Amino acid sequence: MRIFSKHSIIFFFVISNALLYAQKIEVCKTCPITALTEAIAKAMDYDTILVKKGTYKEKNIVINKPLTIVGEKYPVIDGELQGEIITITANDVTIDGLFLINVGTSYTEDYAAIRVRKSKNFVIQNVVLEKLFFGIYIEKSSHGKIYHNKIIGNAIEEYNSGNGIQLWYSNHIEIEHNYVQHVRDGIYLEFANNCLIKNNVSSNNLRYGLHFMFSNNDIYKDNTFQNNGAGVAVMFSKKIKMLNNYFKDNWGTASYGLLLKEINDAEIIGNTFEKNTTGINIEGSNRIVYKNNHFKSNGWALKVRGACYSNSFLENNFLYNSFDISYNSKVNDNIFDRNFWSNYTGYDLDKNGIGDVPYRPVKLFSYIANRTPETIILLRSLFIDIIDFSEKVSPVFTPDNLLDNNPLIEKAKW
């Protein structure tokens, strides 16, 4: 039998009573209440404020009580470039269906269209944000949902632009079905644990489609990160799952689909890396499982830099990349097994679907080009074929045990 405390019972009746007597307040140009700020001041806890279609020039709107604010036909809240537009400081707040524009820009404060500060159980959904500095900024908050929002910035330079969705010291946040474009970082997390980032499209941003640091036990799945300055950066975190994401068209001299730096005990499964300068750039990351990923038409599929140990690359497809793997160490304890390599030229006499000859994925020219980028001009020359063959026969610069002993004859399917 479950026993409830006296305080829990009192809290339950207080909330139930508030919901029972909650009322709807309308805001419009011809209503008794013509401004959202005025409606919030007059509302009681758990009331609903309905904002009718129109343009409302308001800024620094503070929601300091549990409320539901709903827009009818996307009313415009115009901050007139004078600072933050909406700040939530209460628990149990929902914002639904507003169109916010003209957030102020500052070099000393991170003005946002919507800021959530020290709050729980918030919902931000069906919101359109344009002409912004920061879009949605979650600060020291938890158990919130950010759903079905469209965030379109006009960022030109990194130094005077903000991020689309930013979490800072916030946990248990769900970010789903958002569309983020033309900001600095599409989605940014710092000290944000146990979050779910799902089914978002983050594209054409100045720096990263997704950028997070010091954030553990997060799941990123079914997202698209396309044509960003440097793809996705994941740093100083552990127990991350990145599942079924799409990384495409992240091109540039220092660009990649995914950067992993100081990441441990993670899963990178079912993702597609297509037409990136580098599919995954890995440094100081250990005990990661890379499985069932597609690497297609990238410059480098993988760049494995220093201090990467006990990683497993299993049943991935490496398709038509200029280089499959770049590896800058002579020591290897990572496992490559049952991958498909489009450059594999071995045979399968026993017809079991596995090549009879192990595949060596690191080419000597990949090693040279990684150290001296100018040599890339020789990529298709006969000379390069000769030196790659010599390294294959007698490895000198690459680990002699870096082999896929069971290369697949046909593409991996799952």
Side-chain angles (χ1 to χ4, degrees), residues 15 18-19 21-29 31 33-79 84-103 112-117 119-132 134-139 141-152 164-167 170 172-180 187 195-201:
I15 296 299
L19 291 172
Y21 292 99
Q23 299 186 33
K24 181 182 290 184
I25 299 172
E26 292 190 351
V27 178
C28 69
K29 295 299 182 182
C31 297
I33 297 177
T34 60
L36 180 55
T37 305
E38 183 184 359
I40 293 169
K42 293 185 177 182
M44 303 296 290
D45 288 0
Y46 298 98
D47 280 354
T48 295
I49 298 174
L50 177 63
V51 185
K52 299 281 191 174
K53 185 176 177 62
T55 299
Y56 304 84
K57 294 187 176 182
E58 298 187 62
K59 59 184 181 297
N60 298 321
I61 301 166
V62 178
I63 304 174
N64 56 6
K65 63 189 74 170
L67 293 172
T68 296
I69 299 175
V70 179
E72 183 180 87
K73 298 182 180 178
Y74 284 94
V76 175
I77 312 296
D78 185 350
E84 208 143 86
I85 299 180
I86 293 177
T87 302
I88 297 170
T89 60
N91 297 334
D92 303 308
V93 172
T94 294
I95 296 180
D96 187 350
L98 300 181
F99 192 143
L100 277 60
I101 63 170
N102 293 327
V103 178
I114 300 174
R115 180 183 297 273
V116 181
R117 179 180 289 135
S119 301
K120 294 181 180 179
N121 304 320
F122 61 88
V123 178
I124 301 171
Q125 62 185 11
N126 305 316
V127 170
V128 177
L129 309 178
E130 291 187 4
K131 297 181 181 178
L132 50 93
F134 283 76
I136 299 171
Y137 198 123
I138 312 301
E139 174 186 339
S141 299
S142 66
H143 297 90
K145 298 179 179 179
I146 304 172
Y147 287 168
H148 296 277
N149 302 293
K150 188 174 183 179
I151 302 172
I152 309 295
I165 299 173
Q166 175 151 333
L167 274 58
S170 296
H172 300 284
I173 309 297
E174 297 178 15
I175 302 175
E176 294 190 31
H177 290 284
N178 299 283
Y179 183 84
V180 188
I187 302 171
C195 296
L196 174 64
I197 317 295
K198 181 179 178 182
N199 280 316
N200 302 283
V201 176

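What you see is a predicted model; the values in this text were computed from it and never measured.
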If you look at every heavy atom in [X] and [Y], which pair is closest and at what distance?
X	Y	result
Tyr56	Pro75	CE1-CB, 3.9 Å
Ile49	Ala43	CD1-CB, 4.4 Å
Gln125	Val123	OE1-CG1, 3.6 Å

Gap between atom [atom2] of [Y] and atom [atom1] of [X] - 0.5 Å precision:
X	Y	atom1	atom2	answer
Ile95	Ile61	CD1	CD1	8.5 Å
Leu167	Ile138	CG	CD1	6.0 Å
Lys198	Glu176	NZ	CD	5.5 Å
Ile77	Lys57	CD1	NZ	12.5 Å

Problem set entry | Member of Ile85, Ile63, Val127, Ile165 meeting the side chain to side chain contact (heavy atoms under 4.5 Å, CB included) criterion with Ile114 |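 Among Ile85, Ile63, Val127, Ile165, the one meeting side chain to side chain contact (heavy atoms under 4.5 Å, CB included) with Ile114 is Val127.
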Problem set entry | Phe122: partners by ring-ring contact (aromatic ring centres under 6.0 Å, His included), with sequence neighbours left out |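 Not a single residue meets the ring-ring contact (aromatic ring centres under 6.0 Å, His included) criterion with Phe122.
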Set of side chain to side chain donor-acceptor pair (under 3.5 Å) partners for [X], sequence neighbours left out:
X	value
Asn200	Asn178, Asn223
Asn102	Asp78
Thr94	none
Tyr74	none

Problem set entry | salt bridge (Lys or Arg N to Asp or Glu O under 4.0 Å) contacts in which one or both residues fall within residues 58-76, not counting sequence neighbours |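 Listed once each, the pairs are Lys52-Glu72.
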Exercise. Excluding sequence neighbours, so at least two apart, what forms salt bridge (charged side-chain N to carboxylate O under 4.0 Å, His left out) with Lys42?
Worked result: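 Only Glu38 meet the salt bridge (charged side-chain N to carboxylate O under 4.0 Å, His left out) criterion with Lys42.
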Problem set entry | Set of residues satisfying salt bridge (charged side-chain N to carboxylate O under 4.0 Å, His left out) with respect to Glu139, sequence neighbours excluded |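 Checked Glu139 against salt bridge (charged side-chain N to carboxylate O under 4.0 Å, His left out); matches are Arg115, Arg117.
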For this session: Identify, with sequence neighbours excluded, every residue that meets side-chain contact (heavy atoms from CB on, under 4.5 Å) alongside Asn91.
Result: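 Testing Asn91 for side-chain contact (heavy atoms from CB on, under 4.5 Å), a comparison that skips the adjacent residues, returns Ser119, Lys120.
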